[in-house]
2 protein chains.
Amino acid sequence: MTDPELRLTQMISKLRTLDFRITPQRLAVLKILAHSTGHPTIEWIYEEVRRDFPTVSLATIYKTATLLKGLGEVVELETRDGRHRFDGNKPYPHPHVICTQCKQILDFEDASLETLIREVSAKTGYEISDHQLDFFGLCPQCRKEIDPSDTLEQ
Amino acid sequence: MTDPELRLTQMISKLRTLDFRITPQRLAVLKILAHSTGHPTIEWIYEEVRRDFPTVSLATIYKTATLLKGLGEVVELETRDGRHRFDGNKPYPHPHVICTQCKQILDFEDASLETLIREVSAKTGYEISDHQLDFFGLCPQCRKEIDPSDTLEQ
DNA sequence: CTCCCTGCAAACCTTTTGCATGTGA
DNA sequence: TCACATGCAAAAGGTTTGCAGGGAG
C-alpha cells in the first residue's frame, strides 16, 4: 500500500498544476480514493462524501472520478459486478483476486507481467499501454461457508 | 481455432442432454457463436440472426447467450467498450489483445498462466475458477494512422 | 397436449449530459 | 470578477423482466 497522505498530495499537486480547482467536494473524493484499498464503487464514494456534504450529487462523483482517471491518478477496474470500481492508492494496473461470492478484492503482486507485455508487443506489433489481469474464485472464507469440509488444501 | 462444426455439435448435445429445446432461433445463435472468432456483441449476433429470422428479438439473443454462458459453452469478455462480448469457439478463458482505437480483438496464447494460477491459489487460499487477462493498446494499423512516422519497432 | 420459448414492451440500473446557479482563485 | 464546478433532472444505452401467445418434443 502506498502512503495515502503521499497519494493525496500527489493528486492535489496534479490538479493544481493543471489549473483544476480544489473544491471541498473534490477534496473529499480525493481523500477517499487516496486512502482506500478496497476498490470503491462510485456509489460507495458517493455515500461517504455525503456524510460531510449532504447535497453532493452522483454526477459530481462521476465527473471527479472521470477527471482523475483521465489524469492517470486513478485506475478503473471492471469486476463483472456491473459497476465500475476505482483504485487511487495504486494508480497503475495490477492483478486482482476477486471472490465471486462476497466480492472481496485482493491485490496481487506479480513480476512476470512486464516480460509478458514485451512478448505480446513483439508478437503482435501492438503498442501495449494498459492491461488487466484478474483472477476469479472463492476466498477461503466463502469456501468454508459453502463446503465446511473444505480443508483449504491445494 | 477450434473446429466450428465440432463446437456446434457439442453445444447442441449439451442442450439436448439437459432437455433444453433446440429452436430455430437458438440454433441460429449457436451457429454464430460456434463459428465466430471475432468476439461478437449481442447486438451483432442479433443483426446476424435477423437476416434469417426478421422477427427475432434482442431478448431472445440475451436469453440464449445467458443460457449458454451458464452451461459453460460460451465465455463472456469485458472489453471496456460498454458492451458484453462472447466467445463460443474457445469457451475457456484466454488472453486478448485489444486495440483501443478500432476495437479489434486478437487472441493470444500463453502457457505461463497455469503456473501463475497455481501460485495465486497457493498464496491467497482462493480456489481460482476463472480469470481474465487483457492487453490494451494500439494495433499496428492504428499506430500508423495516428503517427505515419511510426516504424512499428518495439 | 404440455411446457418451454419467443417476442414485445416496459422496467431497470448505471452512467452521461444539459443547463442554471453557485463559488474558488 | 468570471471561468469553471456543482447539483438537479432528464436522457442515454445496455441489459433484464413479465407476460400472452406460439411451437418443439
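- If you measure from atom CD of B:Glu76 to atom C1' of D:dG14, you get 12 Å, rounded to the nearest angstrom.
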(message) salt bridge (charged side-chain N to carboxylate O under 4.0 Å, His left out) for A:Lys31 and A:Glu48? Distances and angles first, verdict last.
(response) CA-CA 11 Å; A:Lys31 281 184 184 168; A:Glu48 288 296 303; over 6 Å; no
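- Rounded to whole Å, atom C1' of D:dT16 lies 13 Å from atom NZ of B:Lys69.
- In this entry the distance linking CG of B:Leu58 with P of C:dC8 reads 11 Å, nearest Å.
- Phosphate contact (OP1/OP2 of C:dC8, side-chain N/O of B:Ser57, threshold under 4.0 Å): absent.
- Between the CD1 atom of B:Ile61 and the P atom of C:dT6 there is a distance of 9 Å, rounded to whole Å.
- The shortest distance between the side-chain N/O atoms of B:Tyr62 and the OP1/OP2 oxygens of D:dT15 is below 4.0 Å.
- In this structure, B:Gln25 reaches the C:dG7 phosphate: one of its side-chain N or O atoms is under 4.0 Å from OP1 or OP2.
- Applying the 4.0 Å criterion to OP1 and OP2 of D:dT6, one finds that A:Thr55 has every side-chain N and O outside that range.
- With the nearest nucleotide of DNA chain D identified for both B:Arg83 and A:Thr64, A:Thr64 has the one nearer the 5' end.
- Proximity of the aromatic rings of A:His94 and A:Tyr92 is defined here by a centroid distance below 6.0 angstrom, and this criterion is met.
- In this structure, the NZ atom of A:Lys63 is 14 Å from the P atom of D:dA9, given to the nearest Å.
- For B:Thr66, the listed nucleotide lying nearest its side chain is D:dT16; candidates were C:dG24, D:dT16, D:dA9.
- B:His84 has a side-chain polar atom (N or O) that falls below the 4.0 Å cut-off from OP1 or OP2 of D:dT15.
- Look at A:Arg21 and you won't find any side-chain N or O under 4.0 angstrom from OP1 or OP2 of D:dA5.
- What you find for B:Cys139 and B:Cys102 is that their closest heavy atoms are SG-SG, 3.8 Å.
- B:Thr60 has a side-chain polar atom (N or O) that falls below the 4.0 Å cut-off from OP1 or OP2 of C:dG7.
- Listed here is the closest heavy atom pair of A:Ile45 and A:Ile32: O-CD1, 4.0 Å.
- Here D:dA5 is the nucleotide among D:dA5, C:dA9, C:dT15 with the atom lying nearest to any side-chain atom of A:Thr23.
- Separating the CZ atom of B:Arg16 from the P atom of C:dC5 is a distance of 14 Å, rounded to the nearest angstrom.
- As rounded to whole Å, 10 Å separates atom C1' of C:dT15 from atom CZ of A:Phe86.
- Distance A:Phe53 CZ to C:dG24 C1': 13 Å, rounded to the nearest Å.
- Of the side-chain N and O atoms in B:Arg26, one or more sit less than 4.0 angstrom from OP1 or OP2 of C:dC5.
- By the 30° and 60° cut-offs, the orientation of the rings of B:His39 relative to B:His96 is perpendicular.
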